[in-house]
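Every heavy atom of this structure was used, including side-chain atoms; hydrogens, water molecules and symmetry mates were not. Given the structure is predicted, the values throughout are model-derived calculations rather than measurements. Naming convention: chains lettered A, B, ... in sequence-line order (proteins, then strands); numbering from 1 in each chain.
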There are 4 protein chains.
Amino acid sequence: MDKKTAILEATLELITKNGFHATPMSMVAQHAKVAAGTIYHYFDSKEQLIDELYALHRDKVASVMLQGDDSSKPYKDRFRQVFSNLFAYYTQNTDQFLFIEQYANSPIMNRIPREESASFYQPLIEFVRKGIHTGQLKDISAKLMARLVYGNIVSVVKLHLSGDLPMENALLQTAIATTWDGVRQ
Amino acid sequence: MDKKTAILEATLELITKNGFHATPMSMVAQHAKVAAGTIYHYFDSKEQLIDELYALHRDKVASVMLQGDDSSKPYKDRFRQVFSNLFAYYTQNTDQFLFIEQYANSPIMNRIPREESASFYQPLIEFVRKGIHTGQLKDISAKLMARLVYGNIVSVVKLHLSGDLPMENALLQTAIATTWDGVRQ
Amino acid sequence: MDKKTAILEATLELITKNGFHATPMSMVAQHAKVAAGTIYHYFDSKEQLIDELYALHRDKVASVMLQGDDSSKPYKDRFRQVFSNLFAYYTQNTDQFLFIEQYANSPIMNRIPREESASFYQPLIEFVRKGIHTGQLKDISAKLMARLVYGNIVSVVKLHLSGDLPMENALLQTAIATTWDGVRQ
Amino acid sequence: MDKKTAILEATLELITKNGFHATPMSMVAQHAKVAAGTIYHYFDSKEQLIDELYALHRDKVASVMLQGDDSSKPYKDRFRQVFSNLFAYYTQNTDQFLFIEQYANSPIMNRIPREESASFYQPLIEFVRKGIHTGQLKDISAKLMARLVYGNIVSVVKLHLSGDLPMENALLQTAIATTWDGVRQ
DNA sequence: GATGAATGAGCATTCATTCAT
DNA sequence: TATGAATGAATGCTCATTCAT
């Protein structure tokens with residue numbers, strides 16, 4: 001649905017820029033070039049619109065993460081690729097990144113059932129688990145390791161976006177190496 | 001000022017629970033047991049109240065971080081202590097942690113001048129810089145390294161608070177070791 | 001027209017239950033199983049739909065009132081029958097009764113020209129007039145008498161519907177007798 | 001409270017003229033010469049405002065009804081007075097009458113607990129009960145009789161207000177006599 | 001005729017802020 | 001200092017109505 005997409009895109013952009021509460025539905029309507037009432041054909045409420053937007057981008061991230069993963073390659077290369085995938089996606093889709101972080105760190109996150117929100121990390125947990133089983137990675141909790149790896153990616157993206165230290169490739173490789181040294185066997 | 005403190009505490013608690021926009025000034029007044037108008041004797045506006053609250057807790061974190069740091073100890077022990085200090089503070093002061101994260105990940109963060117907000121990491125940057133200079137840590141960007149270390153602490157606290165994997169001490173030591181292995185020379 | 005009837009019936013039911021303003025056209029459409037736009041093929045507006053519904057049931061009541069009236073019977077029996085007719089119709093068609101009362105007691109009643117609305121009582125006025133002329137009823141204003149009689153019927157139906165004192169037959173006969181004693185010569 | 005009274009009066013007037021849903025809160029505010037938000041200091045919601053308005057006038061009616069009742073007078077005179085009291089009050093306070101009728105005949109009436117709403121008739125029931133016990137009135141259900149008497153008053157007021165047959169005193173006496181003849185022993 | 005997506009004016013309600021006391 | 005009643009602009013949402021198909 002074209003209008004639904006327009007609404008979702010306008011919401012993403014505006015919330016990223018202004019925050020949840022500084023983004024009135026009327027402004028979303030204006031930017032999406034639909035009438036205010038139209039939004040309510042596609043979404044039950046502002047709350048539900050935002051939740052759906054989050055679910056959409058959460059799933060998108062999950063699908064991007066393992067793109068191009070090839071189990072025949074050396075695990076270290078695969079690890080480097082996963083890190084790069086997310087870094088590239090987030091830095092090229094700043095709004096998505098900032099929206100996800102804003103959402104995940106606000107109390108509205110609790111509107112999402114615990115299980116569903118835990119599942120965000122599932123693909124990454126599976127991925128590190130493989131590395132653990134094959135002896136490439138430390139034999140520690142996969143849940144913990146996945147969080148640490150993902151957290152490092154987020155840290156690097158934030159540093160990049162802060163403008164304080166833009167990530168050229170060499171620096172990114174350093175960050176990946178640092179992460180790898182932490183988790184490798 | 002007793003009332004000012006009451007207002008700040010009420011604000012912290014309510015924003016942590018409800019979020020910025022779901023926390024009306026009237027509710028803050030009620031919880032702080034002052035009249036609505038009284039808040040405006042101590043703060044110019046809601047915005048300024050929140051900003052001041054953030055500044056307060058940001059500085060508190062900076063002071064907690066290096067508590068008990070003793071430059072005569074082995075650097076690795078000092079590193080372990082910094083990590084533990086923050087972990088302990090955040091898990092024992094959940095509201096502060098959640099408030100800082102909520103604030104730092106929302107667009108209102110931009111209200112704070114870039115420099116000031118970068119300075120949050122300054123003590124940690126100095127700390128890792130020492131490790132680099134003495135050859136204990138990798139010779140890479142201190143800014144990057146500080147972010148990675150702090151990001152790992154945040155990751156561990158969030159995992160703990162999610163209830164998905166409570167951190168007993170052994171697990172915490174694992175997380176510290178993983179971080180250390182990443183940054184050490 | 002089948003759909004038109006469905007719309008009228010849905011409107012009656014919903015307005016009786018929810019009131020005029022708590023009955024959106026979309027809800028009427030849903031219950032009548034037609035599209036929202038379809039209603040506007042049969043009715044000009046919500047206002048006109050409601051007015052037509054009222055006219056419909058007002059006329060229905062007029063036709064029910066004198067059903068089975070036989071001028072060869074004793075007038076007192078005929079009086080009793082008119083009373084019973086309306087009581088029976090209203091208690092067996094609760095929605096119609098409640099809708100008429102709701103409509104007649106709301107300011108929208110003024111949308112109907114005075115004359116037309118006065119004509120609701122016309123058949124009853126004629127009926128009591130006969131009783132007056134033949135000396136069965138008091139020689140007082142027929143308009144007044146008709147209103148008193150109809151008012152008594154309404155009172156009895158409301159008491160019945162309130163559940164506070166269900167009308168079995170004996171009680172109904174008492175009510176009729178009381179009314180009769182008031183108006184008879 | 002001066003403003004509260006102004007709000008109640010404005011609401012009464014406007015609802016009587018326009019109906020519940022055609023009376024926006026902004027219009028109430030305007031007529032009461034207060035800000036829109038001020039209404040919500042005194043009332044929780046539009047619904048509660050209307051309910052309170054109804055309760056207020058319901059109680060007022062109950063207190064007016066028996067005004068000047070003197071148990072040493074002949075019962076018939078007392079009966080005539082009760083009838084006259086209500087007729088006079090309603091015709092001199094048209095808005096109150098129309099509001100009560102509009103409210104009582106709309107589905108919102110169900111917001112009021114059954115018992116409370118039944119109690120509206122209680123004073124009148126007690127009054128007719130006295131007449132029954134002393135043998136002045138028919139020995140029939142007091143509940144039924146009270147409803148019939150009150151219904152007659154309402155009928156007379158409505159006829160008067162319709163403009164179709166203004167009630168001068170002689171006519172009013174006729175109406176009272178008709179009612180009395182119906183209920184007297 | 002029939003549909004239902006789309007419109008946008010209108011509504012109830014909230015809330016940051018002010019100010020007379 | 002402190003109060004809390006009062007303000008009124010702003011917000012999320014509804015709903016009668018239209019119109020392209």
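- Stem regions annotated for DNA chain E: E:2-21 with F:2-21, counting only runs of 3 or more consecutive pairs of Watson-Crick or G-U type with both contacts under 3.5 Å.
- Between B:F99 and B:H57, the ring-plane angle classifies as perpendicular under the 30° and 60° cut-offs.
- Nearest heavy atom pair, residue B:L12 against residue B:T16, reads O-OG1, 2.7 Å.
- B:K17 and A:N110 form no side-chain donor-acceptor contact under 3.5 Å, judged by distance and modelled atom types alone.
- For C:K3, a side-chain nitrogen or oxygen approaches OP1 or OP2 of E:dT3 to under 4.0 Å.
- The minimum heavy-atom distance linking D:Y40 with D:S45 is given by the pair CE2-CA, 4.0 Å.
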Generate the contact string for nucleotides 13-21 of chain E. Rules: B means base contact, S means sugar-phosphate contact only, - means no protein heavy atom under 4.0 Å. BBSSBB---
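- Following rounding to the nearest Å, A:D2 (CG) and E:dA5 (P) show an atom-to-atom distance of 15 Å.
- A distance of 6.5 Å separates NZ in C:K46 from CD1 in C:I15, rounded to the nearest 0.5 Å.
- For D:Y42 and F:dA5, the shortest distance from a side-chain N or O to OP1 or OP2 is not below 4.0 Å.
- With rounding to whole Å, B:F43 atom CZ is found 15 Å from F:dA2 atom C1'.
- Rounded to whole Å, atom C1' of F:dT3 lies 15 Å from atom CD of B:Q30.
- Side-chain proximity of C:V34 to the nucleotides F:dT7, F:dG4, E:dT3 is greatest for E:dT3.
- Taking atom CE on D:M27 and atom C1' on E:dA12, their separation rounds to 14 Å, with Å as the unit.
- The NZ atom of C:K33 sits 13 Å away from the P atom of E:dT3 (whole-angstrom rounding).
- Checked by atom type and distance alone, the side chain of B:R114 pairs as donor or acceptor with a backbone atom of A:S162 at under 3.5 Å.
- In this entry the distance linking CD of A:Q48 with P of F:dC13 reads 10 Å, nearest Å.
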Carefully, step by step, assess C:K4 and C:E52 under the rule salt bridge (Lys or Arg N to Asp or Glu O under 4.0 Å). CA-CA 11 Å; C:K4 184 171 183 180; C:E52 186 167 332; 3.0 Å; yes
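- One N or O on the side chain of C:Q48 and one on the backbone of C:D44 form a donor-acceptor pair closer than 3.5 Å.
- The distance from atom CD1 of D:I39 to atom C1' of F:dA5 is 15 Å, rounded to the nearest whole Å.
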Which is it for D:N105 and C:Y103 under the side chain to side chain donor-acceptor pair (under 3.5 Å) test, yes or no, and what are the steps along the way? CA-CA 9 Å; D:N105 286 289; C:Y103 186 100; over 6 Å; no
